[in-house]
Amino acid sequence: MNSSIRETFPPVVLAAVLLLLTPGLRGETAATEPPAPRGPFGANVSCLAVDPEDSRRLYLGTARGSLFTSSDGGRSWKSGARGLPGSPVEALAVAPSDPRVLYVGTSSGAVYRSSDRGASWTPRFHGLPGRAVKALLVHPRKASIAYAGTFGGGVFKTSNGGRTWKAGNRGLAGSQVEVLAMGPQAPRTLYAGTHRKGLFKSLDGGKTWKSSGLNDRWITAAAVDRDDPAVLYVSTDDNLGGMVYRSPDGGETWKRVRKGAVVLDLALIRSSPAAVFAGTLNEGFLKTVDGGEKWKTIHGGLPGLFPVTALAALAEDGSTLLAGTAGGGVFLSTDGGNDWKDSNQGLTDVLVQALAFDPANPDQVYAGTLGSGIFKSSDGGLKWEPRNQGLTESRVETLLVHPSDPGNLYAGTFGGGVFKSTDGGVGWTASNRGLPPLSLIRSLLADPAKPSVLYAVVDGEGVFKTEDAGSSWNSVNRGLAKKSVRALAMDPVSAGTLYAATDGSGVFKSVDGGASWKGDPRGLPGLMIDALAVGPPPSRILYAGSYGDGVFMSSDQGATWSPANRGLPAFPVVRALIVDPAKPSVLYAALRRGLFRSLDGGSNWEVLESGRHGAGATGVPAGRPHTLVLAGSGPVRLFAGTSTGVLQLTPGTQRQGGPE
């Protein structure tokens, strides 16, 4: 399985948004039950594995360090990461002779072994070089023998179930091994695919190696025919683009059978005729039934936004297939790959970075994620559907539903700039004229008095303004000491009054719609401010949330500041702030260590839910909170975007416990 798709996480940028829902919100969580995210579901899938004795039992590893299991053929999933460290899962293998035994390889250079079908894991990496484990193989008849391909250390072998590992690199040019392959009928014959050093072959169980051609190429995937181990397919990524090669003689000779998109995984299916399936970087799913002479490109049901990173056959004839994608989760086909449907129920590996709602229909809620695009709920967050048509960037930093024209939505992305939808999120188009190329949009803000006026915070470039609803943008940074703006807020009374939070230069103020800015960094010296919130009139108190220094408040529109941290944990990293408009003394804060509430304007804080794990956790052991939505004109409810989905809470049912 190739892992050339890398998931990177930027510094957390958070926006708090307000959602007013009707009384009697569906799906209330009892105070005695720990709440849990109800979606959206999905994952950045790095690898898949199938139990050889029961094809309904599946295993899935993710680039964010999660592992999931399914006992119903991928129709539902549950976490199986007990004992795993949370490092990105690079490789996964099931022992063919004893399906209770599994091995997992991580980016941290460790291997973990399970002897109970993934219920628990133990570290097994003595002798490994501490480099990312990119590939794993288990001997077809001996579960204690396994091979690990490492990125920087070469190939390692264990003969005792992972207790110790020994290098086997003689003759292997280059130590950056990304792919391992073996034919089940010839377990002493191994293939190692390297990063730009080609393919290598061992005939003695990994003791020695020799080149098998395709020199200087980056090997992205390899597959050996189960019935004829002399036949193998290899995919490459080099300056010529993506290639697929076929060898009929164990790598002695090669024929190029495809040129085009980079192939990330290959699967050979025992069928009549024999079929080869390929998951690609940007062309979806490929299929050939004639040895690669002709290929069929299939997009039916597969989202074009996400590369297909892993493939698994649930039936020997290839009729039932599973495809893992980089951000879109998994997709199931029951007709040999012609049609696909998402199969993500229970995959709580979606980091929700942004939340927004339709003020004309508060049941319409939108969630922006880091890596899985945009989701929409039409029932107040109970069910979610992806809304990514037209998006070319799946990492969404901020969302905005225009307050006076809710049909217009805006999405700020990580490296893709701004996207706009005029049909409630059905389709998206780029809206970047005037913005710097590859813009990371940290915040979006609309002027409720002027529907065509919006503001965008561009990472490292400051504040930009549009007066034509996003058709064009102009920089509005005059007076800003630095362009390192992290968050933006607008005065609820004077729409032309804006506040810009910076990294190290305090909070700046504009009274002319961004045309000019003034600030005094002495108020918040040297702090990274990631969150801003302005209370309703008449007080209009301004709150700022910082990285490591907690919450600050200003009652004079940012001229002076005072800390407001009593009750918050040590080193409080504030990701989002929100003020209850009906009760200005009530504030909510999303911290790295959980959710907190103040009932007295920030003078004192109490814990609502903790993001802590293990002993001492006071709330849901799911993901850490990243963004907030306040909901309810009846019982007040809080929606939190977390690293495992959207969490719904009732703030009135405070749990016992306190800050760390």
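Atom CG of L542 sits about 11.5 Å away from atom OG1 of T497, to the nearest 0.5 Å. The distance from atom CG of L370 to atom OG of S394, rounded to the nearest 0.5 Å, is 8.5 Å. The CG atom of L438 sits 9.5 Å away from the CD atom of E393 when rounded to the nearest 0.5 Å. Going from atom NZ of K383 over to atom OG of S378 covers 11.0 Å, rounded to the nearest 0.5 Å.
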Set out, in order, the CA-CA distance, both residues' side-chain angles and the distance that settles ring-ring contact (aromatic ring centres under 6.0 Å, His included) for F306 and F331, then state yes or no. CA-CA 11 Å; F306 306 109; F331 292 79; 7.9 Å; no
Test log, rule side-chain contact (heavy atoms from CB on, under 4.5 Å), inputs D530 and V574: CA-CA 7 Å; D530 275 332; V574 182; over 6 Å; no
Worked check of side-chain contact (heavy atoms from CB on, under 4.5 Å) between L435 and F464: CA-CA 8 Å; L435 293 178; F464 284 73; 3.7 Å; yes
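Put simply, the side chain of N432 gets close to the backbone of G416: a donor and an acceptor are under 3.5 Å apart. Counting only distance, with no hydrogens or angles, the side chain of W428 and the backbone of A411 share no donor-acceptor pair below 3.5 Å. Proximity of a side-chain donor or acceptor of D447 to a complementary backbone N or O of P451 within less than 3.5 Å is not detected.
Between the side chains of S452 and E467, no donor N or O sits under 3.5 Å from an acceptor N or O. Counting only N and O atoms by type, the side chains of D405 and N408 include a donor and acceptor under 3.5 Å apart. A donor atom on one side chain and an acceptor atom on the other are found under 3.5 Å apart for S598 and D600.
Considering every non-hydrogen atom in both S554 and T560, the closest pair reads OG-O, 2.8 Å. Between G601 and L587, the shortest heavy-atom contact is CA-CD1, 3.5 Å. Among all heavy-atom pairs drawn from P536 and V579, the shortest one is CD-CG1, 3.9 Å. When all heavy atoms of V352 and P40 are compared, the closest pair comes out as CG2-CD, 4.1 Å. Heavy atoms only, all atoms of each residue included: L577 and G545 are closest at CD1-N, 3.4 Å. In terms of heavy atoms, A544 sits closest to I529 at CB-CG2, 3.8 Å.
When side chains are defined from C-beta on, L568 counts as touching F596, because their heavy atoms get closer than 4.5 Å. By the 4.5 Å heavy-atom criterion applied to side chains, N565 and V551 are counted as neighbours. With contacts defined as side-chain heavy-atom distances shorter than 4.5 Å, the pair V507/L524 qualifies. When side chains are defined from C-beta on, L480 counts as touching V485, because their heavy atoms get closer than 4.5 Å. Side-chain contact check for V45 versus V330: some heavy-atom pair is nearer than 4.5 Å. In this structure, R575 and Y547 have side chains that are not in contact, with every pair of non-hydrogen atoms separated by 4.5 Å or more. Using a 4.5 Å cut-off on side-chain heavy atoms (C-beta onward), R38 and V646 make no contact. In this structure the side chain of S431 reaches within 4.5 angstrom of the side chain of W473, judged on heavy atoms.
Residues forming a side-chain contact (heavy atoms from CB on, under 4.5 Å) with V493 (at least two apart in sequence, or on another chain): D491, P537, R540. Under the side-chain contact (heavy atoms from CB on, under 4.5 Å) criterion, P448 pairs with P403, M490, sequence neighbours left out. With sequence neighbours excluded, the residues that form a side-chain contact (heavy atoms from CB on, under 4.5 Å) with S516 are R478, D512. I541 is linked by a side-chain contact (heavy atoms from CB on, under 4.5 Å) to S539, Y543, M553, counting only residues two or more places apart in sequence or in another chain.
Checked against the 6.0 Å centroid criterion, the rings of F41 and F68 do not qualify as a close aromatic pair.
Using a cut-off of 4.0 Å between Lys/Arg side-chain N and Asp/Glu carboxylate O, R597 and E606 are scored as salt-bridged.
Note: H402 and Y410 have tilted aromatic rings, judged against thresholds of 30 and 60 degrees for the angle between ring planes.
Sorted by first then second residue, the salt bridge (charged side-chain N to carboxylate O under 4.0 Å, His left out) pairs that include residues 406-423, not counting sequence neighbours, number zero. Residues in residues 346-355 take part in these salt bridge (charged side-chain N to carboxylate O under 4.0 Å, His left out) pairs, two or more places apart or across chains: R64-D349.
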